[in-house]
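Basis for what follows: all heavy atoms, side chains included, without hydrogens, waters or symmetry-related copies. Treat the numbers as computed from the prediction; the structure is a model and nothing was measured.
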Amino acid sequence: MSIPNNRIEQERISEILKLLSLLITLQQRKLKDYSLIKKKLSNIFFNDTIVNQNNFLFKHRVKASQLFISFSKKGFVHLPVLSASQDKGMIFREDESKNILYAHNNLTNYKLVEPDDFVVHLRSFQGGFAYSDKTGIASPAYTIFKFKDDVDYNPVYWKEKFKSYNFIQLLKKVTYGVRDGRSISFSDFLSLYLTFPDIEIQNKIGSALSKLDTQISDQKKIIKKLENVKQFLLQNMFV
């Protein structure tokens, strides 16, 4: 390993690395702030324990069975296989970092998933239901469900609701004893009472949280790029 002998050069390199470290720290703080804002807003927007028709956030309260219905359509072997993720909803299985093997001759039993569908997966009790913005097929172990009437509901609002801390705590009340490897009971979910606002408010909440998601995603990309630059400099300055 060679080290720059010139003191001025050493100081410049040190300053660059310090600046990169500072930028990374600042971006990490911004990421933390955006994440905290979203968490606090979600706690305000999504609370199914509140019953108050005079509160525009919790104007309606009905059983989940009045809103959703499960379905199982099979035989779409030509479609790509989807998997449920904790933070990205339904993703293409080929995009997963880990290589999951599956028997192609069993794809006839896989269930159709379409945009704006929701999926009860094996870890829903930890991260809520997975939302799909893709068309594909998913494991027979999953339960696929959608709105009975999609006219008065904003899927992005419900996507965020199903991932919120308050909803997951509510879900845990009907998933006692469930662990990895076993899906929660969809019929138990249907027995839960859910509160929600009019469609106009759903649209605004969904839009606001989506914008925060974009900010959070952008911050992660910025941090990753800065970390890559720093790593590149460390690997190439002292060779």
Side-chain angles (χ1 to χ4, degrees), residues 20 22-50 52 55-61 64 67-68 82-92 95-97 113-121 123-124 126-136 144-147 149-171 194-229:
L20 282 170
L22 177 60
L23 288 173
I24 290 171
T25 299
L26 291 175
Q27 296 301 328
Q28 288 174 333
R29 288 176 182 172
K30 290 180 69 176
L31 174 61
K32 184 177 180 180
D33 288 342
Y34 282 130
S35 299
L36 184 60
I37 290 171
K38 182 179 179 183
K39 180 179 180 180
K40 289 190 174 182
L41 286 177
S42 294
N43 286 339
I44 294 172
F45 293 151
F46 309 120
N47 191 336
D48 293 292
T49 64
I50 297 177
N52 186 351
N55 188 321
F56 66 91
L57 289 177
F58 313 105
K59 187 174 182 179
H60 306 283
R61 179 176 173 82
L67 304 176
F68 302 102
L82 303 176
S83 292
S85 67
Q86 286 291 90
D87 58 339
K88 297 179 181 179
M90 298 303 290
I91 61 175
F92 293 115
D95 292 340
E96 286 190 294
S97 57
V113 180
E114 297 178 298
D116 293 339
D117 288 345
F118 298 96
V119 178
V120 183
H121 55 91
R123 301 189 70 178
S124 287
Q126 290 182 329
F129 300 143
Y131 170 77
S132 180
D133 58 2
K134 303 172 178 63
T135 297
I144 320 299
F145 69 98
K146 62 175 58 181
F147 296 107
D149 178 7
D150 59 4
V151 175
D152 296 320
Y153 307 107
N154 181 300
V156 177
Y157 167 89
W158 289 89
K159 174 189 76 170
E160 297 295 341
K161 182 180 181 69
F162 288 151
K163 292 193 303 180
S164 68
Y165 173 82
N166 287 333
F167 176 77
I168 293 172
Q169 298 310 302
L170 180 68
L171 195 62
L194 304 176
T195 61
F196 56 95
D198 289 333
I199 184 61
E200 293 81 7
I201 303 301
Q202 292 181 38
N203 292 338
K204 291 179 180 179
I205 291 175
S207 176
L209 295 181
S210 290
K211 289 178 181 177
L212 276 173
D213 278 340
T214 299
Q215 293 287 354
I216 290 171
S217 177
D218 288 346
Q219 286 304 122
K220 289 180 179 179
K221 291 176 182 177
I222 292 171
I223 292 170
K224 184 64 176 178
K225 288 180 179 179
L226 289 172
E227 289 175 339
N228 288 341
V229 171

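Put simply, the side chain of T195 gets close to the backbone of N47: a donor and an acceptor are under 3.5 Å apart. Proximity of a side-chain donor or acceptor of R123 to a complementary backbone N or O of S85 within less than 3.5 Å is not detected. With D117 contributing its side chain and K146 its backbone, the two residues share no donor-acceptor pair below 3.5 Å. Side-chain atoms of D198 do not come within 3.5 Å of backbone N or O of E200 as any donor-acceptor pair. In this structure, Q202 contributes its side chain and Y157 its backbone to no donor-acceptor pair below 3.5 Å. With S164 contributing its side chain and K161 its backbone, the two residues share a donor-acceptor pair below 3.5 Å. Between the E160 side chain and the G206 main chain, no donor and acceptor come within less than 3.5 Å of each other.
Residue F196 comes nearest to L67 through the heavy atom pair CE2-CD1, 3.9 Å, listed as atom of the first residue, atom of the second, then distance. Scanning all heavy atoms of the two residues, the minimum distance from I205 to F45 falls at CG2-CD1, 3.5 Å. Listed here is the closest heavy atom pair of D87 and K163: O-NZ, 4.2 Å. The nearest pair of heavy atoms linking L82 to S132 is CD1-OG, 4.2 Å. Here the shortest heavy-atom pairing between M90 and A130 reads SD-CB, 3.8 Å.
Two rings, from F162 and F68, have their centers less than 6.0 Å apart. Between F145 and F129, the distance separating the two ring centers is shorter than 6.0 angstrom.
Geometrically, K134 engages F92 in a cation-pi contact, judged by NZ or CZ lying under 6.0 Å from the ring centre and within 45° of the ring axis.
Note that CG of D152 and CD1 of I199 are 6.5 Å apart. Values are rounded to the nearest 0.5 Å. Here the CD1 atom belonging to I50 is positioned 10.0 Å from the CZ atom belonging to R61, to the nearest 0.5 angstrom. In this structure, H121 NE2 and S124 OG are separated by 3.5 Å, a value rounded to the nearest 0.5 Å. Separating the CD atom in Q219 from the CG atom in L26 is a distance of 10.5 Å, to the nearest 0.5 Å. Note that CG of L171 and CD of Q169 are 9.5 Å apart. Values are rounded to the nearest 0.5 Å. Here the NZ atom belonging to K88 is positioned 12.0 Å from the CG atom belonging to D133, to the nearest 0.5 angstrom.
When side chains are defined from C-beta on, V156 does not count as touching L209, because their heavy atoms never get closer than 4.5 Å. Residues I216 and L31 have side chains in contact (heavy-atom distance under 4.5 Å, counting atoms from C-beta outward). Using a 4.5 Å heavy-atom threshold, the side chains of L194 and L170 count as touching.
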Residue pair N166, D48: steps toward the side-chain contact (heavy atoms from CB on, under 4.5 Å) verdict: CA-CA 8 Å; N166 287 333; D48 293 292; 5.9 Å; no

Candidate pair D116 and Y131, rule side-chain hydrogen bond (donor to acceptor under 3.5 Å, both in side chains), full reasoning: CA-CA 7 Å; D116 293 339; Y131 170 77; 2.4 Å; yes

Step-by-step side-chain contact (heavy atoms from CB on, under 4.5 Å) determination, F118 to F147: CA-CA 9 Å; F118 298 96; F147 296 107; 3.9 Å; yes

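Partner K38 forms a side-chain hydrogen bond (donor to acceptor under 3.5 Å, both in side chains) with one of D213, N43, D33 and no other, that one being D213.
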